Amino acid sequence: MRPSQPITVNVFVLSPDTRSERRFDLSLTVAQLKSKLELITGIPVQNQEISVLPSEDATQPLCVLADDSRPLGFYGVHDWQVLKVTDLNPATSFTGQLSDTSQVEKFELSEVEYAKRQDTVLAYKQRNKIGRFADKPAEESQEPQDVDIPVGARCEVESTEEDFRKRGTVRYVGPTEFAKGVWVGIEYDEPIGKNDGSVKGKRYFQCPPNCGVFVKPERVKVGDYPVEEINFDDEEM
């Protein structure tokens, strides 16, 4: 028993502006096929030349559907072959113009005109204070505080350790580059500090290593504080 012949075929339709997958009845005549392809590709029937290719990257056609009266099956078209539709007279159609954006007049606005519009992303961000239009947190005042701590005065620095007094001499009072506000630079009597009077490469005063420290004014008490020798061996036997 002979196998039945297919009555339809699945093909790719390729034209300058379109690419699609279609199913056609093999009994369609080439003329009828062209009428259908005009709706798909936009190429008028009289301008069409239909070539059958084995694949989309093929350069040589298997055949050309040249006889409008012949059925599609006459040309032996198989599933997943390509029907390439060429426009023989593109001047009378829109072939190629649908994908050519160079001829499209562009809508352009100057920055000034764009800024005046109220229906833009920029206007939305301004109204809702988003991004660079958001309210900035109030910065701390950069005005020098009125601090009554004279340079050269003896002082004691507040400590969280009971019976541990940090005494030294005020060496600097004023603003710094490492933090905002007014800071007090102190030279401790003992090496219990954090620096030598400089922070991040900026020197504010000179003292031995680990004797310098910077604290906020409210932690400093000025007075007649004599030098106290700290015995670091008290807890050792």
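The figures here come from the full heavy-atom set of this structure, side chains too, leaving out hydrogens, waters and symmetry mates. Please read these numbers as outputs of a predicted model, since none were measured by experiment.
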With clusters defined by side-chain heavy atoms of hydrophobic residues (ILVMFWY) lying less than 4.5 Å apart, directly or transitively, does [Y] cluster with [X]?
X	Y	answer
Leu62	Leu53	no
Val30	Val82	no
Val52	Leu28	yes
Val220	Phe164	yes
Val182	Tyr172	no

Beyond-backbone contact of [X] with [Y], side-chain heavy atoms, under 4.5 angstrom:
X	Y	result
Asn210	Ile192	no
Val121	Tyr114	yes
Ile43	Leu37	no
Ile186	Val184	yes
Leu83	Phe24	yes
Cys211	Glu190	no
Gln81	Ser55	no
Val64	Glu49	yes

Check step by step if side-chain hydrogen bond (donor to acceptor under 3.5 Å, both in side chains) holds for Thr169 and Arg154.
-> CA-CA 5 Å; Thr169 303; Arg154 291 289 298 168; 3.2 Å; yes
For Phe12, is the NZ or CZ atom of Arg19 found under 6.0 angstrom from the centre of its six-membered ring and inside 45 degrees of the ring axis?
-> yes
If you draw the axis of the six-membered ring of Tyr124, does the NZ or CZ of Arg127 fall within 45° of it and under 6.0 Å from the ring centre?
-> no
Closest approach of Val213 and Asn195, non-hydrogen atoms and distance?
-> N-OD1, 3.7 Å
Flag if over 12 foreign heavy atoms under 6.0 Å of [atom1], [X]:
X	atom1	result
Lys34	NZ	yes
Asp79	CG	yes
Asp119	CG	yes
Gln46	CD	yes

Is it true that the side chains of Asp17 and Ser15 contain a donor and an acceptor less than 3.5 Å apart?
-> no
Any chance the rings of Trp183 and Phe178 have centres within less than 6.0 Å?
-> yes
May I ask you to check whether Phe205 and Phe214 place their ring centres under 6.0 Å from each other?
-> yes
Please name all residues satisfying side-chain hydrogen bond (donor to acceptor under 3.5 Å, both in side chains) with Glu158, sequence neighbours left out, ordered by chain then number.
-> none
Positive for side chain to side chain contact (heavy atoms under 4.5 Å, CB included) with Gln48, one of Val85, Asp87, Leu65 = Val85
